[in-house]
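In what follows, every heavy atom counts, from backbone to side chain, and hydrogens, waters and symmetry copies are set aside. In listed order, ligands and their atoms are each counted from 1.
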Amino acid sequence: MKIERFVVNPFQENTYIVSDETKQGVIIDCGAFYTEERKAIMDYIKENDITIKHLIATHAHIDHCFGNNTIYDELGVKPEVFKDDEYLMAKLEKQALDFCNYHLGYDMPPVGKYLDETDVIEFGTHRFSVIPTPGHTPGSVFFYCEEENIAFSGDTLFKMSIGRTDFEKGSYKDIMNSLQKLKECLPPDTIVLPGHGPKTTIGQEISSNPYMR
Ligand SMILES: [Zn+2]
């Protein structure tokens with residue numbers, strides 16, 4: 001499995017393109033904002049001849065969704081997010097105004113599917129399960145690839161930190177419960193790829209992240 005990371009938009013968000021030897025792949029958190037960022041992602045997909053099967057978001061904050069329209073316009077792939085973030089998907093334009101004082105000026109694509117915890121994201125020979133981790137937003141999730149031992153943590157877990165819980169419908173109590181649940185369901189050597197900043201592992205965070213104790 002090959003993972004390419006693009007650090008994008010004024011929030012330095014991590015967009016990941018994950019593909020395998022079948023040349024099928026998924027895009028996680030397409031936050032591409034500037035024209036060059038959108039182009040870099042499309043160039044990578046074309047140059048590597050990847051067929052994108054899913055465009056998924058760990059949660060529906062605008063900095064994780066800015067580039068969804070490019071993927072939809074160029075490839076016809078609609079975004080998928082966890083069902084509890086439907087209220088955020090419905091107001092991406094307002095989020096852009098509130099958080100960045102920015103007028104989107106383009107239509108966001110229709111949502112392809114609202115996910116729940118029974119969904120499995122499939123591409124090529126790989127599968128991601130959906131682990132609900134509410135707290136940063138109600139619909140925040142981990143996408144977990146068990147066979148590769150890799151988890152995409154969005155803004156729930158960062159290296160040495162966690163996501164903010166002071167946004168609308170955020171909950172400190174919920175994120176703390178989510179972190180405890182992750183300790184039980186993910187092996188310590190699981191590689192964690194966050195929505196911002198460098199990668200880490202569950203074990204490293206258990207030993208060094210004060211929120212994971
Ligand atoms: Zn966020």
Side-chain angles (χ1 to χ4, degrees), residues 5-18 26-34 37-38 41 54-71 79-102 104 108-109 111 113-117 121 128 130-144 150-179 181-182 192-200 202 205 209 211-212:
R5 179 175 78 135
F6 298 82
V7 181
V8 295
N9 75 44
F11 300 93
Q12 300 282 287
E13 186 264 348
N14 294 326
T15 295
Y16 298 100
I17 299 182
V18 187
V26 297
I27 307 177
I28 301 170
D29 288 343
C30 190
F33 178 74
Y34 299 108
E37 295 170 350
R38 295 168 188 267
I41 285 170
H54 295 277
L55 167 61
I56 50 181
T58 55
H59 63 294
H61 275 153
I62 184 66
D63 58 320
H64 295 248
C65 295
F66 272 128
N68 285 354
N69 65 311
T70 294
I71 304 306
E80 300 168 52
V81 298
F82 197 71
K83 56 183 171 56
D84 294 355
D85 270 6
E86 185 172 352
Y87 76 103
L88 285 170
M89 280 308 259
K91 57 172 181 182
L92 289 169
E93 211 160 307
K94 186 173 186 301
Q95 289 189 56
L97 263 182
D98 291 350
F99 294 129
C100 349
N101 199 22
Y102 178 76
L104 270 191
M108 277 297 184
V111 175
K113 186 177 186 184
Y114 285 106
L115 303 169
D116 67 37
E117 58 276 9
I121 310 295
F128 292 169
V130 179
I131 305 174
T133 55
H136 176 65
T137 67
S140 287
V141 297
F142 265 46
F143 294 113
Y144 175 50
I150 287 175
F152 296 87
S153 65
D155 290 1
T156 298
L157 179 60
F158 302 126
K159 186 179 174 69
M160 295 285 283
S161 186
I162 60 170
R164 288 170 59 172
T165 55
D166 57 336
F167 296 123
E168 183 192 7
K169 297 195 190 187
S171 164
Y172 184 75
K173 185 168 160 276
D174 286 353
I175 203 169
M176 294 310 278
N177 286 336
S178 294
L179 294 168
K181 184 178 77 174
L182 290 167
V192 175
L193 297 171
H196 302 266
K199 67 180 173 185
T200 182
I202 290 291
E205 294 313 300
N209 186 330
Y211 301 98
M212 276 290 261

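Below the 2.8 Å limit, the Zn ion (ligand 1) has as protein N, O or S neighbours His59 NE2, His61 ND1, His136 NE2, Asp155 OD2.
Taking every heavy atom of both residues into account, Phe158 and Glu205 meet most closely at O-OE1, 3.3 Å.
Checked against a 6.0 Å centroid threshold, the rings of His61 and Phe11 do not count as neighbours. Here the two rings, on Tyr16 and Phe143, have centers that are 6.0 Å apart or farther.
Judged as a ring pair (Phe, Tyr, Trp, His ring centres under 6.0 Å), and not counting sequence neighbours, the contacts of Phe128 are Phe123, Phe152.
When side chains are defined from C-beta on, Ile27 counts as touching Ile71, because their heavy atoms get closer than 4.5 Å.
Note on ring orientation: taking the six-membered ring where Trp is involved, the planes of His64 and His59 are tilted (angle from 30° to 60°).
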